[in-house]
Amino acid sequence: MKAVRSMVLVSSDPQSMNQGAQLVFDRLQQELKAFGLESEISLSMVGDVGRHDAVPMVIVYPEAVIYGPVKPDDVHFLVEEHLYKGRLATSLQAPAKELTGRIAWLSARRGTLPAEQRVLLRRVGVIDPNSIEEYIVHDGYAALGKALTEMTPEQVIAEIEKSGLRGRGGAGFPTGTKWKFVSKAAGARKYVIMNADESEPGTFKDRLLLEGDPHSLIEALIIAGYAVGAQEAYIYVRGEYMLAQERLRTAIQQAHEMGFLGENIFGTNFSYDIHIHSGAGAYICGEETALIESIEGKRGEPRPRPPYPTTNGLWNKPTLVNNVETLANIPPILHNGAAWYRTLGTPSSPGTKVYTILGNVNATGLIEVPMGITLREVIAIYGKGMRNGATFKMAQTGGSSGSIIPASLQDTPMDFDSFNKAGVSLGSGALLICDDNNCVVDLAKVLLNFFREESCGKCNPCRIGNQRGFQILSNIAEGVAVLKDLDDLELLAENLYQLSNCGLGQTAGAPIKDVLKYFRAEVEAHIRLKVCPSGVCPMSGKKYHI
Amino acid sequence: MSPIKSLEDLKRVREEALEKRRVKANSGEIQIIVGMGTTGIAAGARETMKAILDTIEKDSLTGIIVTQTGGFGLDANEPIIQVIVGDQPKVTYGKVTAEVARQIMKEHVVGGKVVQEYVIQA
Ligand SMILES: Cc1cc2nc3c(=O)[nH]c(=O)nc-3n(C[C@H](O)[C@H](O)[C@H](O)COP(=O)(O)O)c2cc1C
């Protein structure tokens, strides 16, 4: 995907549409083409921009200049002046007015557009994943060489801490801190585990890394082992990822042949080996303690925490568990330094993030962008706009740890802290983009159904709570719920969070909370009026029984 | 290859591999890269690959290297292939079915003319 130098947004709320926004959009498309600008400038319809005094509006980023009301005949002049010659078309500017919340943040970034920055994916789709030679040509194993021959384990950990890297497995835990815990834990035998279970719905970022650049993960695992003082590593990879397993196996073998694995790596005293362990299809095995149980040959059920794996992990030994994408960050950080890494992303969440984009956008797939980009930008630039010019309604950020993000939060920077403050979560890096033909009750029902199926059943709150949640949501969708059910749902979400044994149950309530917080009117319409405003739910009048 | 025991060893291996590549590029060789991640394969990249290899064999073409790589992240456009002729910039094609692959082989790889219709931005 190519970086664009400008981004042009056209308002397409009902009022704008009445005033000819579609014509303006079409003319913009024609004019951009006529001036040969279509590959450098992205154009999209963005729904309601939060201001209706001069519609339709055309907003040009990165300068954040607002034009409006724009008539189709103004478009030629606007494109020629602003986008071709680079001067403001002042006569078309909307009356000066403070931008409110929704589009304010974009302009606050002052003149920079986020380009796709491939740090983790820079070799994916470029090299042959089955060739260690190509990996080495692209700076492969240089970070390992540097770490082993020029740095102490403490220095490696210090560098990772300085980089500010935070875990990409869902919770955003500071990686350097976790490494330090394991390195400081008592005991001579220690383990490193790469969590490649990736079973969050809609997420396949780890798969792309595993399939496209397996050696970078092998390199990261060796560095991690050296840093925390481990002798062995396990890769826990989900059973369905057969291609990834095959490529990892090849990579491990090649690394052995080249001496990156085995005895006395890089001529030092450090010896290390990596094993592959295939999962068998349970979502819960992505949870780190269930994963450890599974490697030990037991049923994949979470352990109570504390104690944490950092002190009592695999075979009860100190164990480092990191996500695939987290580990993919390690070689570039050591190769280029923590200071370089901090130039990417935001101060609280440095680096880039890999997202899978799915749903009602024109271009689906996978992107790697700096932390702190907004949903609006993701949709407009990388998703190439909403499909059929529809209006963006909500996004689901993927998996158990994800949230349902309403359109009102589409200008919130996507980094750990900003999302925390807004009360939502980045989840596993999947962005399911929904237009207004989707029903929020239906979406929540699908999510709860997933949790209900995947609950391991060990603790009651999660096993029964998810069943009950699914039942209530089904009744709402069938038009047989009563208003009191919403209070029950609210309490249920809270109980799931407070009482469940592990992250599965604890976060299963999140979509319910988001639905009640941001979409209450839509849910109540199902109950009070017995209509599904998006026309999705069956509303059959049949009661759902467990 | 002998095991790498130092940074110097690593550098040497890298230089050797780079040199091999330079020779390859200067010889005017043609490289065809097929995206073979799960998405690519699901969209039919294996058939695409097969069509390319068949064409090479049937028409006894020489000086062509066919390799695979991981996914490109452009899932909507799979299967994806890239064609690099000598030291010219690489051309990325999307939605390359077996049939399109044969067309690209004929017009671009043999004929030297880029098949604009299927070119995508990568
Ligand atoms: C139900 C559940 C499923 C999880 N699935 C995954 C997963 O598929 N992949 C993953 O990396 N982490 C998953 N996690 C998070 C892990 O428990 C753990 O926090 C993570 O691997 C730590 O890696 P990080 O510090 O690099 O983010 C899951 C957690 C829960 C509660």
Side-chain angles (χ1 to χ4, degrees), chain A residues 1-2 39 116 118 121 123-134 136-142 144-146 148-150 204-205 207-214 240-244 247 256-260 262 264-268 354 356-358 362-368 384, chain B residues 1-25 31-43 45-46 49 65-82 84 90 92-95 116 119-122:
Chain A
M1 256 167 262
K2 218 174 127 166
S39 67
E116 196 183 9
R118 292 202 159 192
L121 296 179
R123 293 188 210 91
V124 174
V126 175
I127 65 166
D128 179 351
N130 286 331
S131 161
I132 193 169
E133 232 176 64
E134 285 201 23
I136 291 174
V137 165
H138 289 84
D139 299 327
Y141 290 107
L144 174 68
K146 182 172 165 189
L148 256 51
T149 60
E150 292 171 4
F204 49 91
K205 62 181 179 73
R207 195 194 72 216
L208 212 86
L209 284 164
L210 295 162
E211 287 177 356
D213 197 10
E240 294 89 335
Y241 283 8
M242 264 123 31
L243 188 61
R247 298 221 165 124
H256 265 290
E257 283 161 13
M258 291 291 243
F260 299 130
N264 305 108
I265 301 165
F266 268 97
T268 66
V354 184
T356 44
I357 316 179
L358 324 138
N362 286 315
T364 56
L366 199 120
I367 54 166
E368 178 179 346
K384 309 248 187 275
Chain B
M1 252 175 288
S2 56
I4 288 170
K5 282 288 161 208
S6 63
L7 279 178
E8 284 67 48
D9 286 354
L10 182 65
K11 220 163 130 195
R12 184 177 41 76
V13 170
R14 186 164 179 264
E15 288 302 326
E16 283 169 11
L18 271 172
E19 185 53 36
K20 255 197 257 173
R21 276 182 144 202
R22 263 192 291 274
V23 173
K24 232 195 247 177
Q31 230 196 107
I32 303 174
I33 308 167
V34 184
M36 296 278 258
T38 294
T39 5
I41 292 171
R46 284 205 204 282
M49 174 75 105
I65 307 173
V66 183
T67 55
Q68 60 171 346
T69 186
F72 293 92
L74 306 163
D75 296 359
N77 289 307
E78 297 278 5
I80 295 173
I81 74 167
Q82 294 182 321
I84 308 169
K90 75 170 119 185
T92 306
Y93 292 106
K95 303 210 166 136
Q116 288 300 345
V119 173
I120 55 169
Q121 298 283 353

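Order of the sequence lines sets the chain letters (A, B, ...), proteins ahead of strands, with each chain counted from 1.
One distance of note links CG of B:Leu74 with CD1 of A:Ile367; it measures 11.0 Å at 0.5 Å rounding. Atoms CG and CG, from A:Leu144 and B:Leu10 in turn, are 8.5 Å apart once rounded to the nearest 0.5 Å. B:Phe72 CZ to A:Leu208 CG: the interatomic distance, rounded to the nearest 0.5 Å, is 10.0 Å. In this structure, the separation between CG on A:Asp139 and CZ on B:Arg14 is 5.0 Å, given to the nearest 0.5 Å. Between A:Thr356 atom OG1 and B:Asp75 atom CG the span is 9.0 Å, to the nearest 0.5 Å. The distance from atom CD of B:Gln68 to atom CD of A:Glu211, rounded to the nearest 0.5 Å, is 10.5 Å.
Counting heavy-atom pairs under 4.5 Å between each of A:Gly259, A:Pro129, A:Pro214 and chain B puts A:Pro129 at the top. In terms of heavy-atom pairs under 4.5 Å with chain A, the best-connected choice from B:Thr39, B:Thr67, B:Ile41 is B:Thr39. Counting heavy-atom pairs under 4.5 Å between each of B:Gly37, B:Ala17, B:Gly71, B:Gly40 and chain A puts B:Gly71 at the top.
A:Asn130 touches chain B through its side chain: at least one heavy atom from C-beta onward sits under 4.5 Å away, while N, CA, C and O do not. In this structure, the portion of A:Ile127 lying under 4.5 Å from any heavy atom of chain B is its backbone and not its side chain. Proximity to chain B is absent for every atom of A:Lys205, based on heavy atoms less than 4.5 angstrom apart. Contact annotation for A:Phe204: only side-chain heavy atoms (C-beta onward) come within less than 4.5 Å of a heavy atom of chain B. Heavy-atom distances place the backbone of B:Ser6, and not its side chain, under 4.5 Å from chain A. Using a 4.5 Å cut-off between heavy atoms, B:Ile80 does not touch chain A at all.
B:Thr69 places no side-chain N or O within 3.5 Å of a backbone atom of A:Asp128 that could act as its donor or acceptor partner. Side-chain atoms of A:Lys146 never come within 3.5 Å of backbone atoms of B:Leu7 as a donor-acceptor pair (strictly under, hydrogens ignored).
The side-chain heavy atoms of B:Met36 and A:Leu243, taken from C-beta on, include no pair separated by under 4.5 Å. The shortest distance between side-chain heavy atoms of A:Asn264 and B:Lys5 falls below 4.5 Å.
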